[in-house]
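Working notes for the structure below.
First the proteins, then the strands, lettered A, B, ... as listed; each starts at 1.
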Amino acid sequence: MGMMEDRYRGIARAARQNAFFSALTLLSAISVLVVLGGVIATLGVGAAPAFQTFGFDFFITEKWNPVTERFGALAPIYGTVVTSGIALMLAVPIGIGIGVFLTETCPLSLRRPIGTAVELLAGIPSIIYGMWGLFVLAPVVQAHIAPTLIDVFGPIPLLSQVFGPPGYGVSVLTGSLILSIMIIPFISSITRDVFETVPAVLKESAYGLGCTTWEVVWNVVLPYTRVGVMGGVMLALGRALGETMAITFVIGNAHHINASILQPGTTISAAIANEFTEAVGDLYTSSLVALGLILFLITFTVLAAARLMLLRLQNLQGG
Amino acid sequence: MDKSLYAARRLTSGIFLTLSFLASLIGLGALALILWTLIQQGSAVLDTSLITEMTPPPGEKGGMLNAIAGSAIMVGLAMAIGTPLGILAGTYLAEFGYHTRLATVVRFINDILVSAPSIVVGLFVYELIVATTGHFSAFSGAVALAIIVIPVVVRTTEDMLTLVPNQLREAAAALGSPRWHIVRKVSYRAAQAGMITGVLLALARISGETAPLLFTALNNQFWSTDLNAPMASLPVMIFQFAVSPYKDWQQLAWAAALLITVTVLLLSIVARLLGGKRASP
């Protein structure tokens, strides 16, 4: 009799421990949602004074004047979009190119080391990119890249504005270049992964029809993996939009919208990083928090779209 | 006629494949250039005084002991907060709530938080802790870093646990083990290496994070182990010193940059080797 009771007690204890442990995991899972809710709620509260004071004008005003306490988010939003856009234009072909090289032409024994090396780029902290950009890349931009661009595009009417007067190397272009290096590994590793999901039979049938390697990539591999590649690109875009330290070093923190990408500008994240600790007055702080909220909502949307695309791909494959 | 068309197609293919090769060279070249600059600039000032002396005022010799210690304290505390939370949440997603709607939502949100801008996390913790307590503190810096750790650990924990064959769990269940026992003694054991990979990746990620510390832990020119006061850290020190006009501050920043990069890259390489498979960046 005593033994049975012992056993019942043991089972009851195990059940209690089990319930406790599973409740603990549930609470931890919910904490992920709490973080998200917390970010939106606290930033919303912090940004409220700025939105109340400026209303919708906050989004369409370029002026950013701490002295007169007039704040508008247009210049940083513009800078964020432009730097990320240029970075994507450069990084997408390079990233996809690396994906093609790693899956199609690279000798098997080199695939892993090269793939790993490129992915290590993603591991380098962004402050290192910033420092490297300031001391190494910016002088190169000033001495070589900017003059070349001006020489090439100077005679063309509209483009001469975009590649306008030479600056000091600290510019929107420098920021974009640094960003593009940083996001290459995101694009290349996802591209390679989705390229590897293309069934060999598909590629072999195309080769059997006499296609060249490039024709197989262009007509079979890319159409098959379109959604996945798009997902990777969106993921990279999400990273680029929110990137802070690398940009902060090289963009110059100028709250102007300048047609020329050779001139200084600012981005949302750079403005926050540069000014937040020095911001005096509630309205100034609140405006910076409002910038942060805008940034979070933009990146959230982009990253959500990226995830949905990658999820769709996964479901298509039944994985 | 036919032959020339074929030659043209071969040529196009050759051109594009060469371009894709060049793209890889650009990627590798960027990595090599950055590492080379770091080694060249950083090793010039490598000296034992770096780890025995505090950050100096401009114009004097010194080290970065306070920044190294500050980074170690805050990163350590962040890992201590973030790792258990992340592992438990990942366990829920993979073991207890796999098919629930809650798990689907958490999984989705978590994947977004992995890539969310870290500066926003800094703002969040500023509003949450710094603004309410009225002062900057190392503790708030650690909390900000912990928030970055959680999604990374959740993601890898879940991935690694789902790789554990269900037969193992069923076998243990058939022996009468309670669920939580199975999770600890079977699933965790089987997924151990992969889960450690995730923790190491998270560690690598926050070791170099600067933006979340800027307005939480702030910076400190002096030795401090007080969690309730501002604390120095290597990344914030780099930021302050690199943009300063002083040559010796800039050199210290390079040394710190070399130190951080070597640490972070070694961590990610060890994590990869341990994980056995490619872990996504």
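Contact detail for B:Leu31 and A:Ala117: the closest heavy-atom pair is CD2-O, 3.4 Å. Here the shortest heavy-atom pairing between A:Ala14 and B:Trp180 reads O-NE1, 3.6 Å. For A:Leu235 against B:Ser115, the heavy-atom pair with the smallest separation is CD1-OG, 4.2 Å. The two atoms that bring B:Leu88 and A:Thr25 nearest to each other are O-CB, 3.3 Å, heavy atoms only. Considering all non-hydrogen atoms of both residues, B:Ala116 and A:Phe296 come closest at CB-CE1, 4.1 Å. Considering all non-hydrogen atoms of both residues, B:Gly208 and A:Ile127 come closest at O-CG2, 4.0 Å.
Rounding to the nearest 0.5 Å gives a distance of 12.5 Å between OG1 of A:Thr42 and OH of B:Tyr126.
Looking at B:Phe239, both its backbone and its side chain come within 4.5 Å of chain A, counting heavy atoms on both sides. Heavy atoms closer than 4.5 Å to chain A are found in both the backbone and the side chain of B:Leu33. For B:Ile34, the parts lying near chain A are the backbone and the side chain together; criterion is any non-hydrogen pair under 4.5 Å. Looking at B:Ala242, the atoms closer than 4.5 Å to chain A (heavy atoms on both sides) sit in the backbone and in the side chain alike. For B:Arg107, no part lies under 4.5 angstrom from a heavy atom of chain A. Both the backbone and the side chain of B:Leu214 have a heavy atom closer than 4.5 Å to some heavy atom of chain A. There is no contact between B:Gln41 and chain A, counting heavy-atom distances below 4.5 Å. Using a 4.5 Å cut-off between heavy atoms, B:Ala253 contacts chain A through both its backbone and its side chain. Using a 4.5 Å cut-off between heavy atoms, B:Leu267 makes no contact with chain A at all. When heavy atoms are compared at a cutoff of 4.5 Å, B:Val106 approaches chain A by way of both its backbone and its side chain.
No other option in B:Ile15, B:Thr12, B:Leu17, B:Leu93 has as many heavy-atom pairs under 4.5 Å with chain A as B:Leu17. Put simply, of B:Val125, B:Ile109, B:Leu218, B:Ile26, the one with the most heavy-atom pairs under 4.5 Å next to chain A is B:Ile109. Counting heavy-atom pairs closer than 4.5 Å to chain A, the top residue among B:Leu22, B:Leu25, B:Leu85 is B:Leu85. In terms of heavy-atom pairs under 4.5 angstrom with chain A, the leader among B:Asp111, B:Thr91, B:Leu35 is B:Asp111.
Ring geometry for B:Phe21 versus A:Phe101: interplanar angle of 30 to 60°, hence tilted. Ring planes of B:Phe215 and A:Phe276: tilted class, angle from 30 to 60°.
Among residues two or more places apart in sequence or in another chain, the salt bridge (Lys or Arg N to Asp or Glu O under 4.0 Å) test is passed with A:Glu275 by none.
A side-chain contact (heavy atoms from CB on, under 4.5 Å) with A:Leu303 holds for exactly one of B:Leu113, B:Val114, B:Ile112; it is B:Ile112.
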Next item on the list: Determine, stepwise, if the pair A:Phe135 / B:Trp254 fulfils ring pair (Phe, Tyr, Trp, His ring centres under 6.0 Å).
Entry: CA-CA 10 Å; A:Phe135 287 104; B:Trp254 279 115; 5.6 Å; yes
